[in-house]
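The basis for the numbers below is simple: all heavy atoms, side chains too, and nothing from hydrogens, waters or symmetry mates. Counting begins at 1 with the first residue of the sequence.
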Amino acid sequence: MAQLGLGTYRVKPSAVKRMVAVAGDNPDTAWVDTAPGYLGGEAHVLLKAPLGRPEISVSTKVGYVGGRTAEAAQRDGALSASWAAAHCLDAAFVRWQCDQSRAELGRQQLDLVFAHNPESNHRDSYDALRTAFEALEEQVSAGHLGAYGVATWSGFNSLFTVPELDSLAAEVAGTPDHHCRAIQLPVSLVNATPIEQALSGQGPIAEAAHRGWEVYASAPLHGGELPEIVTPELRDFIDPRLTPAEASLLIAGSCPGVSRVLLSTSSVTHWHEARTVLKQPLNASTLMRVLNVLASD
């Protein structure tokens, strides 16, 4: 059964403290996923105080170079003064961003760091990931990081596979016992291909789960658009007792191999409703029937 986790991409700044507290009140949901650039670049600052509770785990990301980030990284020698790209996975920048994240979040050790959307890098994604993995393995060895992974929007479509990430991490670490142990990707009624693949034991979710990696389903409501897209007929086919938002979340949470569904909400009520929904996932045959109905529309 997939657990719920708090995504912070769309949480209102005024609600961050409240939502982290709600997530942390239950050990099953005490996980916060963020990134330095979220909430206008203020996510880490807003999270530092509520993440003072050590029982709440946190994942963040490395890769994107914002305006203030670029200035600070250049000042500290982690980026060249001529750097003009919006994305960087060079080892020096990855190390710098991990150090910044630990300081901003008030954590001596980060639980998990994702290489963020390597498909956005100006270099070949595979080469960019190699340098990032080298720096992230160093961070683990230094005790600054528990594990790392890859968060991607479209990378698993054609750029890389989980077996390739596994092989790359083993090559970088010099052992199959590396610390690349998680992936994050969009899983929803809009991004249903990973669900279809998982139901047949294929694709990134099944391949990650087979290795014992954690799988984080992002954008389960497709940026908040799905509740407006789901028709009453589709909602009723999934479960007539649910709202369109709950039905959408149930689809993501029912995907076999998904460890945690990341919900970015500012509503305590919606959080508790989502947690209740995820406790009763659809079985594989029902989930497949829903996807077949969706494909026939």
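Within a 6.0 Å sphere centred on CD of E228, other residues, nucleotides and ligands contribute 12 heavy atoms or fewer. Within 6.0 Å of NE2 on H122 lie more than 12 heavy atoms contributed by other residues, nucleotides or ligands. With a 6.0 Å radius and a threshold of 12 heavy atoms from other residues, nucleotides or ligands, H270 has its NE2 atom at or below the threshold. The number of heavy-atom neighbours closer than 6.0 Å to CD of E164, taken from other residues, nucleotides and ligands shown, is above 12.
When side chains are defined from C-beta on, M1 does not count as touching L278, because their heavy atoms never get closer than 4.5 Å. The shortest side-chain heavy-atom distance between I251 and S188 does not fall under the 4.5 Å cut-off.
The pair D33-R260 does not meet the salt-bridge criterion, since no charged nitrogen lies less than 4.0 angstrom from a carboxylate oxygen. One finds a salt bridge joining R130 and E171 here, because a Lys/Arg side-chain nitrogen approaches an Asp/Glu carboxylate oxygen to under 4.0 Å.
The closest side-chain donor-acceptor pair between T60 and H44 falls under 3.5 angstrom. Side-chain atoms of T29 and N26 include no donor-acceptor pair closer than 3.5 Å. Judged by distance alone, the side chains of N157 and E119 never bring a donor and an acceptor atom under 3.5 Å apart. Inspection of the H179 and E137 side chains reveals an N or O donor paired with an N or O acceptor under 3.5 Å. Checked by atom type, the side-chain pair N283/S285 shows a donor-acceptor distance below 3.5 Å.
Between W96 and F93, the angle of the ring planes stays under 30°, which puts this pair in the parallel group of the 30/60° scheme.
Counting Ile, Leu, Val, Met, Phe, Trp and Tyr side chains that sit under 4.5 Å apart, directly or through other members, Y64 stands alone, with no cluster partners.
For E225, there are no salt bridge (Lys or Arg N to Asp or Glu O under 4.0 Å) partners, not counting sequence neighbours.
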